[in-house]
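Working notes for the structure below.
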2 protein chains.
Amino acid sequence: MNIGDVADKVGLPAKTIRYYEDIGLVKPLRDNNGYRAFQANDLHKLTFLARARKLGFTIENCRALLALYEDQARASSDVKTIANQHLEQINAKISDLMAMRATLSHLVTECAGDNRPDCPILNGLSETLAT
Amino acid sequence: MNIGDVADKVGLPAKTIRYYEDIGLVKPLRDNNGYRAFQANDLHKLTFLARARKLGFTIENCRALLALYEDQARASSDVKTIANQHLEQINAKISDLMAMRATLSHLVTECAGDNRPDCPILNGLSETLAT
DNA sequence: GATAGGGCTTCCAGTTAATGGAAGGTCAAG
DNA sequence: CTTGACCTTCCATTAACTGGAAGCCCTATC
């Protein structure tokens with residue numbers, strides 16, 4: 001299967017698939033004309049990658065997960081460890097963002113948002129923030 | 001004031017302050033020896049930048065906010081618009097992350113995490129995700 | 001006066017995960 | 001045989017820094 005069809009099937013841009021080949025995540029065969037010839041196994045891996053990336057795993061985590069995915073003798077605990085670390089990072093990001101939101105929405109509600117120059121948002125950014 | 005002292009005061013690495021000069025956010029004077037000589041106004045701007053960045057504003061947003069900050073005739077509504085757009089982006093990111101967390105933690109709770117190879121996390125990533 | 005240290009300077013390269021675009025080869029239809 | 005849609009590679013760019021090399025400057029100590 002050519003790259004365009006693969007892109008449609010797995011929901012990744014062709015550019016991204018070429019990039020994944022560049023960094024060694026997939027190794028499609030080549031036709032005589034030089035076109036990439038993707039096999040069923042390549043499609044599985046790309047689908048796997050698309051989903052793992054959508055869940056926010058880094059490329060390096062994806063590489064590790066893919067290796068485990070292909071290792072029939074893997075221990076599920078290895079996978080769980082990676083997933084749990086990632087969950088912790090997600091939680092940390094959510095906390096960060098919620099703290100930002102609290103501070104910023106507090107500033108926004110205090111701002112009249114009119115034609116006058118007096119602005120609690122700018123004041124809040126220039127004075128000490130009660131974070 | 002030299003860059004090291006400024007870095008300590010405003011809580012930004014010296015590297016970052018030089019970078020901010022590179023992209024035109026601050027324009028410190030220079031001493032005869034070529035060292036940057038930061039004035040009180042530079043410190044205010046850098047403090048402002050540090051706080052806005054900590055709230056997740058992009059550099060370009062910071063540039064716009066800084067311009068408004070220095071514009072005595074600004075309308076507070078201009079600031080509020082930027083802040084509100086940013087709030088929306090924060091909310092969108094939080095939603096994204098919470099969806100990721102839901103899917104991933106579901107997969108994780110189903111995984112035994114033992115020595116056996118059977119792993120619902122990898123299965124979930126290779127099959128269709130119930131996102 | 002020599003030297004050692006710490007701080008300062010510039011400039012170049014690398015990070016993440018792609019994305020955009022140029023120049024050019026290939027294929028199927030009409 | 002030409003047109004248009006694919007495909008190829010390669011280079012540059014994105015955001016916001018960060019790391020490191022090579023080298024100047026300043027102060028203190030021997």
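All values below come from the heavy atoms of this structure, side chains included, with hydrogens, waters and symmetry mates left out.
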For B/Glu21 and D/dA16, give me the distance from atom CD to atom C1', rounded to whole Å.
17 Å
Base, sugar-phosphate alone, or nothing: which one does B/Ile23 contact when heavy atoms must sit under 4.0 Å apart?
nothing
When you look at A/Arg18 and A/Glu21, which way does the salt bridge (charged side-chain N to carboxylate O under 4.0 Å, His left out) test go after all the steps?
CA-CA 5 Å; A/Arg18 288 195 196 98; A/Glu21 183 186 8; over 6 Å; no
C/dG7 P sits how many Å from B/Asp31 CG, rounded?
17 Å
Looking just at side-chain N and O atoms, do A/Ser76 and B/Asp114 make a donor-acceptor pair shorter than 3.5 Å?
yes
At under 4.0 Å, does any side-chain N or O of A/Thr16 touch on OP1 or OP2 of C/dT19?
yes
Separation of D/dA16 atom C1' from B/Ile17 atom CD1, nearest Å, is 15 Å
Given D/dA16, D/dC7, C/dT19, which nucleotide is nearest the side-chain atoms of A/Tyr19?
C/dT19
About how many Å separate CG of B/Leu125 and CG of B/Leu104, when rounded to the nearest 0.5 Å?
8.0 Å
From C/dA18, C/dC27, C/dT9, nucleotide with atom closest to A/Tyr35 side chain:
C/dC27
Quick one: on DNA chain D, does B/Asn33 or A/Lys15 contact a more 5' nucleotide (nearest heavy atom)?
A/Lys15
Here the pair of heavy atoms bringing B/Ile23 nearest to B/Ile59 is CD1-CG2, 3.6 Å
Pick base, sugar-phosphate or nothing for B/Arg36, based on heavy-atom distances below 4.0 Å to the nucleic acid.
sugar-phosphate
Nearest to side-chain heavy atoms of B/Ile3, which nucleotide of D/dT18, C/dT9, D/dC7
C/dT9
Pairwise distance NE2(B/His44) to CD(B/Glu70) - rounded to 0.5 angstrom:
11.5 Å
Report which part of the nucleic acid A/Phe57 touches: base, sugar-phosphate, or nothing (heavy-atom distance under 4.0 Å, all strands).
nothing
Hey, does A/Arg53 reach any base, or is it just sugar-phosphate, or nothing, if we go heavy atoms under 4.0 Å?
sugar-phosphate
Expressed as a whole number of angstroms, how long is the span from A/Ile59:CD1 to C/dT15:P?
14 Å
Residue-phosphate contact under 4.0 Å: A/Tyr20 side-chain N/O, C/dA17 OP1/OP2:
no
Quick one: is B/Arg30 getting a side-chain N or O under 4.0 Å of the D/dC25 phosphate, OP1 or OP2?
no
Given atom NZ of A/Lys54 and atom C1' of C/dA18, what is their separation to the nearest angstrom?
18 Å
Round to a whole Å and report the spacing from CG of A/Asn32 to P of C/dG25.
18 Å
Report the distance from atom CZ of A/Phe38 to atom P of D/dC6, rounded to the nearest whole Å.
16 Å
Separation of D/dT8 atom P from A/Asn2 atom CG, nearest Å, is 7 Å
